[in-house]
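All values below were derived from every heavy atom in this structure, side-chain atoms included, with hydrogens, water molecules and symmetry-related copies excluded. A, B, ... follow the sequence lines: proteins, then strands. Residue 1 opens every chain.
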Amino acid sequence: MGDYFLMMISAIFANNILLIRFLGLCPYVGVSSNVNGSVGMSGAALFVNVLASAFTWLVYNYLLVPFQLEYLRTVAFILVIASLVQLVEIVLQKTAPALYRALGIYLPLITTNCMIFGTAVLNINQENTFFEAVLFAFATAVGFSLALLILAGLRERFAIGKVPTMLNGFPIALISAGLMGLCFQGFIGLGQ
Amino acid sequence: MSTMWQEFSKGLWKEVPPFRFVLGLCPTLAVTGKVSSALGLGCGVIFVLMVSNTLISIFKNQIPGKIRVPVFIVIIASAVTIVELMMEAYFYTLFEVLGIWIPLIVVNCLILGRGEAFARKNPVHLSVADGLGMGVGFTISLSVLASFREIIGSGTWFGLSLLPASYIGFELLQSPPGAFICLGLLLALINLISSKMEDKKQGC
């Protein structure tokens, strides 16, 4: 039990997927300019990340390994993720229209989010069990949401503050992300 | 010939990938701790970009519009697998250092972006030039950022020590948060330079 807890703390803080592992940066700078968009993105990412990790784990261990097709991992994973996102979109549209509307455009955008693919590959590289893989994906997505929401809050502040012209936009967002990363790094030593 | 040169050279300054369009940021930050790994990943990206741009451009009339994105992704993923296997076979140390970042080339938005925005609409020779230019521009940008981080962060360049042994190294730049700060400052510098250049043009 303690091991699982430590793994989650490490995935959320010390090895934060955005700030320390650098995965999923495109939506990070893209949608973090307002809080509402970030909430939608976080929800979609959490949902798809857990599902995608579960499916890719099953595909890798029960399809690719028995047939010795491990070298097809990249192609297989990206196809699984792309079709999964499509499937989730269709199912949500029919069964939960409210949730579908809330996630909106962020759902299709997820396909090219390298966090999803990265988590799937990390799960295989770390030789996680199925339960660990799902837990790791969940914790990773929580870390992603945390960093995204904090930055979105900061950037809403920048919009009304005085920022030097040359730092306006991306540069200031990146520098503040760096300073945030320093804080998150303070948790190293807690996790593995 | 001149149009090919134009398509090639736009990737070097006017539309240089990670700085002008903020595309493909993740590897830009992750592999720039050392110049050698930045160059290694850059070469992989050049290869994948050229293969994907060429194939997409050749088959642009055969690929149905509605499912083009999955088709592009499969083309890119195959090229990435080639790079992955080649690196594992011939450059094993580089393969170890880059690790997860080689398969992750597949989700680099720069590559899908060029296929979607350029190769899909242009003839083969221009697409090859575009892919090469963007790839080289990406590699140079990565190397510039990596040089800065490696020289100031640990006093070496390409593993050779440049600064005297008494130099302790500014460790922040080697760490992940330092990467963000460095890239932010570099983007600010580029903004400053291009706004100065604009001013000059208007002055004439």
- Query: Which answer fits B:Ile102, side chain, backbone, both or neither, if we ask what part of it has an atom under 4.5 Å from a heavy atom of chain A?
  - Reply: neither
- Query: Do other residues, nucleotides or ligands put more than 12 heavy atoms under 6.0 Å from A:Phe158 CZ?
  - Reply: yes
- Message: Which atoms of A:Leu18 are under 4.5 Å from chain B, going by heavy atoms: the side chain, the backbone, both sets, or neither?
- Response: backbone
- Task: Answer yes or no: is there a side-chain heavy-atom contact under 4.5 Å between B:Leu104 and A:Phe117?
- Result: yes
- Message: I'd like to know whether CZ of B:Phe95 has more than 12 heavy-atom contacts from other residues, nucleotides or ligands below 6.0 angstrom.
- Response: yes
- Message: Side chains of B:Ser175 and A:Gln185, heavy atoms from C-beta outward: is any pair under 4.5 Å?
- Response: yes
- Item | Which atoms of A:Arg21 approach chain B - backbone, side chain, both or neither, heavy atom under 4.5 Å | backbone
- Query: Just wondering, do A:Leu79 and B:Val74 contact through their side chains at under 4.5 Å, heavy atoms?
  - Reply: yes
- Message: Is it the case that over 12 heavy atoms from other parts of the model lie below 6.0 angstrom from the CZ atom of B:Phe148?
- Response: no
- Task: Could you tell me which portion of B:Glu84 (side chain, backbone, both or neither) has an atom closer than 4.5 angstrom to a non-hydrogen atom of chain A?
- Result: side chain
- Query: Using non-hydrogen atoms only, which part of B:Pro103 is less than 4.5 Å away from chain A: side chain, backbone, both, or neither?
  - Reply: both
- Message: Taking side chain to side chain contact (heavy atoms under 4.5 Å, CB included) as the criterion, tell me which of A:Leu23, A:Ile116, A:Ile78 meets it with B:Val107.
- Response: A:Ile78
- Interatomic distance, B:Leu183 atom CG to A:Phe22 atom CZ [nearest 0.5 angstrom]: 10.0 Å
- Between A:Gly178 and B:Pro177, what is the shortest heavy-atom contact and its length? O-CB, 3.2 Å
- Would you give the length of the straight line joining atom SG of A:Cys114 to atom CD1 of B:Ile100, rounded to the nearest 0.5 angstrom? 9.5 Å
- Name the option with the most non-hydrogen atom pairs under 4.5 Å to chain A; the candidates are B:Leu29, B:Val106, B:Val80, B:Asn108. B:Leu29
- Criterion side chain to side chain contact (heavy atoms under 4.5 Å, CB included) against A:Leu174, the qualifying member of B:Leu186, B:Ile181, B:Leu187, B:Leu185: B:Leu187
- Note on the structure: Distance col, row A:Leu179:CG vs B:Phe180:CZ, nearest 0.5 angstrom, shows 11.0 Å
- A:Glu70 atom CD, neighbour heavy-atom count above 12 within 6.0 Å: yes
- Measuring heavy-atom distances to chain A, does B:Thr81 have an atom under 4.5 Å in its side chain, in its backbone, in both, or in neither? side chain
- Query: Should B:Leu192 and A:Thr165 be marked as a side-chain contact (heavy atoms from CB on, under 4.5 Å) after you check the CA-CA gap, both sets of side-chain angles, and the distance that decides it?
  - Reply: CA-CA 9 Å; B:Leu192 191 69; A:Thr165 11; over 6 Å; no
- Above 12 or not: heavy atoms from other molecules or residues under 6.0 Å from CD of B:Gln62? yes
- Query: Once you round to the nearest 0.5 Å, how far does CE of A:Met166 lie from CG of B:Asn191?
  - Reply: 8.0 Å
